[in-house]
Participant: 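This structure is in structure tokens; I'll ask about it shortly.
As the structure is a computational prediction, the values presented were derived from the model and not from experiment. Keep in mind that the numbers below use all heavy atoms, side chains included, and drop hydrogens, waters and symmetry copies. Chain letters run A, B, ... following the sequence lines, proteins first and then strands; every chain starts at 1.
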Amino acid sequence: DAGITQSPRHKVTETGTPVTLRCHQTENHRYMYWYRQDPGHGLRLIHYSYGVKDTDKGEVSDGYSVSRSKTEDFLLTLESATSSQTSVYFCAISSAGGGSHNEQFFGPGTRLTVL
Amino acid sequence: QQQVKQSPQSLIVQKGGISIINCAYENTAFDYFPWYQQFPGKGPALLIAIRPDVSEKKEGRFTISFNKSAKQFSLHIMDSQPGDSATYFCAASKNYGGATNKLIFGTGTLLAVQP
């Protein structure tokens with residue numbers, strides 16, 4: 001998976017609790033992304049980062065926040081988890097942005113269940 | 001206008017047959033069209049991609065056909081094999097002139113190749 005790890009791989013939590021998912025890369029790629037995958041919806045972009053401390057919203061960002069204090073780590077936080085956030089979360093990285101359309105490499109995913 | 005519509009939702013093909021998955025888009029600013037392959041429990045991986053300046057791109061048994069006027073593109077898998085059984089996602093993005101390459105994904109097609 002192109003030097004990308006996600007932790008935890010599985011998590012079960014209760015409604016209203018905070019949850020943080022971690023994406024770690026060893027490729028030194030500038031761009032990092034968080035997606036969620038749900039049946040019937042494909043993959044949808046939550047947030048992305050174009051550098052350390054540089055982040056922006058994707059199409060389904062409500063209820064999520066992110067932080068990137070180091071090139072290699074991109075954290076996704078659910079401030080107060082809801083059942084609608086039960087999903088499989090994927091991190092992706094790429095070495096360049098829109099100018100060259102470089103390939104996005106995906107991590108192995110985190111399956112999150114909110115009860 | 002940001003959507004990418006993918007069909008069929010699922011597909012069963014006999015070994016040696018041709019698998020065809022179709023996608024349609026509305027936004028004429030899209031200029032990059034990748035296909036991703038995903039096996040169960042894994043993250044998506046880039047399979048093949050095309051830009052709108054060509055009508056077809058072939059890599060081994062996989063071919064993308066692109067119809068710019070119809071705003072449609074399709075994936076053809078020739079001589080389909082059981083090992084091709086996976087979920088396939090089409091996607092699209094537009095050149096932000098150096099900004100982040102944000103992919104818009106289709107909803108996915110579950111392909112089963114029967115031996």
Participant: Working to the nearest 0.5 angstrom, can you tell me the gap between B:Leu103 CG and A:Tyr35 OH?
Facilitator: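 These two atoms lie 4.5 Å from each other.
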Participant: Checking heavy atoms, do the side chain of B:Gln9, its backbone, both or neither come under 4.5 Å from chain A?
Facilitator: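 The answer is neither part of B:Gln9.
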Participant: B:Val54 and B:Phe33: same hydrophobic cluster, using ILVMFWY side-chain contacts below 4.5 Å?
Facilitator: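 Yes, because B:Val54 and B:Phe33 connect within a single hydrophobic cluster, where side-chain heavy atoms sit under 4.5 Å apart.
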Participant: Going from NZ on B:Lys102 to OH on A:Tyr31, what distance comes out if it is rounded to the nearest 0.5 angstrom?
Facilitator: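 Separation between the atoms: 12.5 Å.
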Participant: Quick check on the hydrophobic clustering: are B:Phe62 and B:Ile64 connected, directly or via other members, by side-chain heavy-atom contacts under 4.5 Å?
Facilitator: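 B:Phe62 and B:Ile64: one cluster.
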Participant: Quick one: which residues of residues 52-74 of chain A reach chain B at under 4.5 angstrom, heavy atoms only?
Facilitator: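 When heavy atoms of chain B are the reference, residues 52-74 of chain A contributes A:Lys57, A:Glu59 within the under-4.5 Å range.
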Participant: How about CD on B:Gln81, more than 12 heavy atoms from neighbouring residues, nucleotides or ligands closer than 6.0 Å, or not?
Facilitator: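 Yes - once you tally the heavy atoms of other residues, nucleotides and ligands closer than 6.0 Å, there are more than 12.
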Participant: Please check if B:Phe89 and B:Leu46 belong to a single hydrophobic cluster, counting links between Ile, Leu, Val, Met, Phe, Trp and Tyr side chain heavy atoms closer than 4.5 Å.
Facilitator: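 Yes, one cluster joins them.
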Participant: What's the separation between atom OH in B:Tyr36 and atom CZ in A:Phe106, rounded to the nearest 0.5 Å?
Facilitator: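 Here the rounded value is 5.0 Å.
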Participant: Do B:Trp35 and B:Leu11 land in one hydrophobic cluster if side-chain heavy atoms of ILVMFWY residues count as linked below 4.5 Å?
Facilitator: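 Hydrophobic grouping puts B:Trp35 with B:Leu11.
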Participant: Applying a strict under-4.5 Å side-chain criterion to I, L, V, M, F, W and Y, I'd like to know whether A:Tyr89 and A:Leu75 cluster together.
Facilitator: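 No, A:Tyr89 and A:Leu75 fall in different hydrophobic clusters.
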Participant: Any residues in residues 36-47 of chain A near chain B, with a heavy-atom distance under 4.5 Å, and which are they?
Facilitator: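 If one takes a 4.5 Å heavy-atom cut-off, the residues of residues 36-47 of chain A near chain B are A:Gln37, A:Gly40, A:His41, A:Gly42, A:Leu43, A:Leu45.
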Participant: Need one label for B:Pro44: side chain, backbone, both or neither, based on atoms under 4.5 Å from any heavy atom in chain A.
Facilitator: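 Both the backbone and the side chain of B:Pro44 come within 4.5 Å of chain A.
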